[in-house]
Amino acid sequence: MGIRLGCIADDFTGATDLANNLVRAGMRVVQLIDVPSDGDRIAEQQARDADAVVIALKSRTVPAADAVDASLRALAWLTSMGAEQIYFKYCSTFDSTPVGNIGPVAEALMDALDTDFTLATPAFPDNGRTVFKGHLFVGDVLLSDSGMRHHPLTPMTDSNLVSVLGAQTRRPVGLIDHTVVAAGADAIRARIEELRAAGTGIAVVDAVSNDDLVRLGEAVAGLPVVTAGSGLAIGLPANWGFKPSAAAARLPAPGGHQAIVSGSVSVATNGQVREFLRTGRPAFSVDPLRIAAGEDVAGEALAFAEGHLADGPVLIYSTESPDTVRTVQGELGAAEAGELVEQTLARVARGLVERGVRQLVVAGGETSGAVVQALGITGLRIGPQIDPGVPWCAATLSDGETLHITLKSGNFGGPDFFSAALALLDEEAS
Ligand code: ADP
């Protein structure tokens, strides 16, 4: 049997959000990093063992034509794996430029699937994103009065999603407002038929509560494509009979050594590194200036780790206070320093796995990207959440072995995140 839901997300963290929501609603989910290349048997096998697949693209801020191209490649792969419904996931603040990318991608998916209607709702009430009368609210304020007004890449100055989307598409954009959504799935379906008959191609849908999203989810069973933030995910799995269950997040049993690689310089991670040092566990500090001077810092870190891995988790970190980081950046340049550290930590991660690490915590978004690439990971089966938004994942290595990995971006997690993460895996295993 093929996958039920095939999802295309316009960035990595958004893909993880969506994946988490689907897992919580009872689906077994695999998140893929970009569209698998031809003949990626590992990704195909992972997808076959899942109910939903989320392909993470980096298409939010690229030119619209590139976003369309990547999304269509993702669509083709998902369709080839049997996806019955397509979910185009964008940010819950509807991040896009006036010339794209949400409208053009939605239209291209509709054309490719030969369908004349879809909906759009970034609503995610649990995160304070609600849509009312087509206007998007962030917490208690309109989108256009929120910090998004000043976003460097995608400033959002209009809260009226019907007009924002209308400017991005050729198709007429309409609204399914809250009175209809509150009346239930039948009323929503009736309104969809009305709009469709009147030639509306995309309908913005109001939702101010999870109940609204559940009703909407039921109403859109069978639509070939839906477009939304990650909120709608709470309402879709039930259409295939999925119910929340711990089994959806179950991963293979963990094994091997434990390690933490941290290249994040965020405040939360600084606290987590301090806490780990306080417990007296072995830790090795990676100094960018020594890397820049040509010293084999990765080799030293691995030699250090080798002596300690058998006794429990080892931390390799470049995490420093903002002041120290600024000094280093002043000396090397911020981009240069970042690149040196990322490449070093990526080599360290690969060396750790070669030395038998099978439970790996990675801190830092950019750092995670470099590590995942160095390990050749293209897919992650989503497991239990350590903290809201941060799951354990299982990756299949090129030799077929399983690596448990968690990718913690910047400011997530409490001070004891590292030990809490590893403890959670131990618990799952017992
Ligand atoms: P976060 O956003 O949580 O800080 P990221 O990994 O996304 O984590 O980004 C941190 C960036 O800072 C990376 O490019 C990393 O290589 C770089 N970096 C890490 N440690 C240092 C350091 N000690 N000095 C300068 N740059 C660093």
Side-chain angles (χ1 to χ4, degrees), residues 11-17 31 33-34 56 58 60-61 91 95 147 151-153 259-277 283-298 300-302 304-305 314-352 360-375 377 380 386-391 393 405-418 420-421:
D11 88 336
F12 188 85
T13 35
T16 308
D17 269 357
Q31 180 174 341
I33 298 146
D34 213 332
K58 288 184 187 162
R60 184 169 298 166
T61 54
C91 189
D95 299 18
H151 192 281
L153 299 176
I260 302 134
V261 171
S262 175
S264 159
V265 296
S266 70
V267 176
T269 311
N270 266 281
Q272 289 153 1
V273 167
R274 268 198 309 277
E275 173 61 19
F276 189 87
L277 297 177
F284 183 95
S285 156
V286 166
D287 177 355
L289 296 177
R290 290 184 53 225
I291 309 172
E295 295 182 44
D296 180 17
V297 181
E300 284 175 40
L302 288 169
F304 172 86
V314 174
L315 166 67
I316 313 288
Y317 68 105
S318 68
T319 304
E320 291 291 350
S321 69
D323 280 348
T324 312
V325 171
R326 258 194 302 276
T327 310
V328 169
Q329 289 175 335
E331 228 159 289
L332 302 176
E336 176 84 353
E339 180 68 18
L340 282 177
V341 173
E342 282 165 35
Q343 288 319 313
T344 303
L345 292 180
R347 265 186 61 205
V348 167
R350 208 169 49 219
L352 289 170
L360 184 63
V361 177
V362 186
E366 295 300 322
T367 309
S368 293
V371 165
V372 159
Q373 193 177 12
L375 292 174
I377 292 172
L380 299 162
I386 305 156
D387 259 333
V390 193
C393 304
I405 185 167
T406 181
L407 308 169
K408 182 197 83 84
S409 49
N411 269 317
F412 280 89
D416 67 342
F417 178 86
F418 298 155

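All residue numbers in this chain count up from 1 along the given sequence. Read the numbers this way: they start at 1 and go in the same order the structure lists the ligands and their atoms.
At least one N/O-N/O distance between Thr367 and ligand 1 falls below 3.5 Å. Backbone and side-chain nitrogen or oxygen atoms of Glu366 are examined, and one is located within less than 3.5 angstrom of a nitrogen or oxygen of ligand 1. Backbone and side-chain nitrogen or oxygen atoms of Val328 are examined, and none is located within less than 3.5 angstrom of a nitrogen or oxygen of ligand 1. The distance criterion of under 3.5 Å between nitrogen or oxygen atoms is met by Val265 with respect to ligand 1. Looking at ligand 1, you'll find an N or O of Ser264 within less than 3.5 Å of one of its N or O atoms.
The aromatic rings of Phe304 and Phe284 are tilted relative to each other, their planes meeting at an angle between 30° and 60°.
The closest side-chain heavy-atom distance from Glu331 to Pro288 is not below 4.5 Å. Asp287 places none of its side-chain heavy atoms less than 4.5 Å from the side chain of Val297. A heavy-atom distance below 4.5 Å is not found between the side chains of Lys408 and Val362. The shortest distance between side-chain heavy atoms of Leu375 and Leu360 falls below 4.5 Å. When side chains are defined from C-beta on, Leu352 counts as touching Val348, because their heavy atoms get closer than 4.5 Å. You'll find the side chain of Asp296 reaches within 4.5 Å of the side chain of Arg347, heavy atoms only.
Here the protein heavy atom with the shortest distance to atom 15 (C) of ligand 1 is Gly263 O, 3.6 Å. Of all protein heavy atoms, the one lying nearest to atom 24 (N) of ligand 1 is Pro288 CG, 3.6 Å. Among all non-hydrogen protein atoms, the one lying nearest atom 17 (C) of ligand 1 is Gly338 CA, 3.9 Å.
Near Gly365, with a cut-off below 4.0 Å to any heavy atom, the atoms of ligand 1 are 5 (P), 6 (O), 7 (O), 8 (O). Residue Val341 has at least one heavy-atom neighbour below 4.0 Å for each of these atoms of ligand 1: 16 (O), 19 (C), 20 (N). With ligand atoms numbered from 1 in the order given, ligand 1 contributes 13 (C), 14 (O), 16 (O) to contacts under 4.0 Å with heavy atoms of Glu342.
For the atom pair CD1 (Ile291) and OG1 (Thr344), the distance works out to 3.5 Å, reported to the nearest 0.5 Å. The distance from the CG atom of Leu407 to the CD1 atom of Ile33 is 7.5 Å, given to the nearest 0.5 Å.
Taking a distance limit of 4.0 Å, we find that atom 2 (O) of ligand 1 is approached by no protein heavy atom.
When the heavy atoms of Ser318, Ser368, Ala370, Ser409 are ranked by distance to atom 20 (N) of ligand 1, first place goes to Ser318. In this comparison of Thr269, Val325, Thr319, the heavy atom closest to atom 26 (N) of ligand 1 sits on Val325.
With a 4.0 Å heavy-atom cut-off, ligand 1 is reached by the backbone of Ser266 and by its side chain too.
Residues passing the side-chain contact (heavy atoms from CB on, under 4.5 Å) test with Ser264 are Ser262, Ser266, Thr269, Ala363, sequence neighbours excluded.
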